[in-house]
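Working notes, beginning with the structure itself.
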Amino acid sequence: MKILIITPRIPFPPYRGDKLKIFNISKILSQNNEITILTFKRNSSQNPEISELKKLGFNIITVNLSAIESLFRAFLAVFTDTPFQVAWYKSASMKKMV
């Protein structure tokens with residue numbers, strides 16, 4: 001079966017709760033399934049993390065996330081009912097990929 005996992009952060013290295021959970025779920029599901037991880041990429045310094053996940057057999061699709069644009073969207077959320085984290089990760093590119 002093909003499984004798409006959508007996550008806001010690259011789940012590697014698995015050292016924090018959010019990354020650890022997604023990494024372990026992906027690892028277990030990959031035993032009998034083809035896993036594709038769709039995630040945001042903040043900058044080119046995350047390329048080694050993406051390479052490590054590919055070495056483990058995961059298909060990785062990234063969408064660039066600009067910190068400046070995210071900060072601006074989070075600032076605008078002050079004047080709405082939108083939670084900051086939702087505003088931070090709101091992305092037309094991600095919506096298109098999904």
Side-chain angles (χ1 to χ4, degrees):
M1 181 186 320
K2 293 182 179 182
I3 299 174
L4 174 64
I5 297 175
I6 304 169
T7 179
R9 294 175 188 90
I10 296 171
F12 198 86
Y15 66 91
R16 296 186 343 207
D18 57 338
K19 290 183 173 197
L20 188 62
K21 181 178 180 179
I22 296 299
F23 180 79
N24 285 331
I25 289 171
S26 301
K27 192 173 167 184
I28 290 169
L29 289 174
S30 70
Q31 293 172 357
N32 299 312
N33 304 289
E34 182 182 331
I35 304 298
T36 300
I37 298 173
L38 175 60
T39 187
F40 286 110
K41 179 180 169 186
R42 289 175 182 77
N43 54 51
S44 60
S45 69
Q46 293 181 308
N47 288 341
E49 298 167 3
I50 294 167
S51 296
E52 287 298 319
L53 287 171
K54 287 181 178 180
K55 285 180 190 175
L56 294 171
F58 299 113
N59 300 317
I60 308 297
I61 302 171
T62 60
V63 174
N64 290 328
L65 181 69
S66 167
I68 294 170
E69 290 176 15
S70 294
L71 186 61
F72 181 69
R73 285 192 302 271
F75 172 73
L76 292 178
V78 170
F79 307 105
T80 68
D81 292 336
T82 304
F84 293 133
Q85 193 166 13
V86 171
W88 184 273
Y89 289 107
K90 188 172 184 177
S91 166
S93 299
M94 179 62 86
K95 183 177 180 180
K96 185 177 176 182
M97 291 301 295
V98 172

Atom pair CD1/CD1 of I5 and I37 - distance to nearest 0.5 Å: 5.5 Å
Rounded to the nearest 0.5 Å, what's the gap from CD1 on I22 to CZ on R16? Could you check? 12.0 Å
Checking [X] now: which residues fulfil ring-ring contact (aromatic ring centres under 6.0 Å, His included) with it, not counting sequence neighbours?
X	value
F23	F12
Y15	none
F84	none

Counting distance only, does the side-chain N/O of N43 pair as donor-acceptor with the main-chain N or O of S45 below 3.5 Å? yes
Could you tell me whether the side chain of N47 and the main chain of S44 form a donor-acceptor pair under 3.5 Å? yes
Side chain to side chain, [X] and [Y], heavy atoms closer than 4.5 Å:
X	Y	answer
L38	T7	no
I50	K41	yes
M1	I3	yes

Under 3.5 Å, which donor-acceptor pairs link side chains of residues 53-62 to any protein atom two or more places apart or in another chain?
{"residue": "K55", "atom": "NZ", "partner": "E52", "partner atom": "OE2", "Å": "3.3"}
{"residue": "N59", "atom": "ND2", "partner": "E34", "partner atom": "OE2", "Å": "3.2"}
{"residue": "N59", "atom": "ND2", "partner": "T36", "partner atom": "OG1", "Å": "3.4"}

Kindly work out whether a path of hydrophobic side-chain contacts (I/L/V/M/F/W/Y, heavy atoms less than 4.5 Å apart) joins [X] to [Y].
X	Y	result
I35	I28	no
L71	F40	yes
F79	F72	yes

Evaluate whether atom NZ of K19 has more than 12 neighbouring non-hydrogen atoms of other residues, nucleotides or ligands under 6.0 angstrom away. yes
Contact summary for L65 and S70, nearest pair of heavy atoms: CD1-OG, 3.3 Å
Which other residues end up in the same hydrophobic cluster as I68, if Ile, Leu, Val, Met, Phe, Trp and Tyr are linked when side-chain heavy atoms come under 4.5 Å apart? none
Provide the full list of side-chain hydrogen bond (donor to acceptor under 3.5 Å, both in side chains) pairs with a residue in residues 83-93, sequence neighbours left out, each pair given once. R9-Y89, R42-Y89
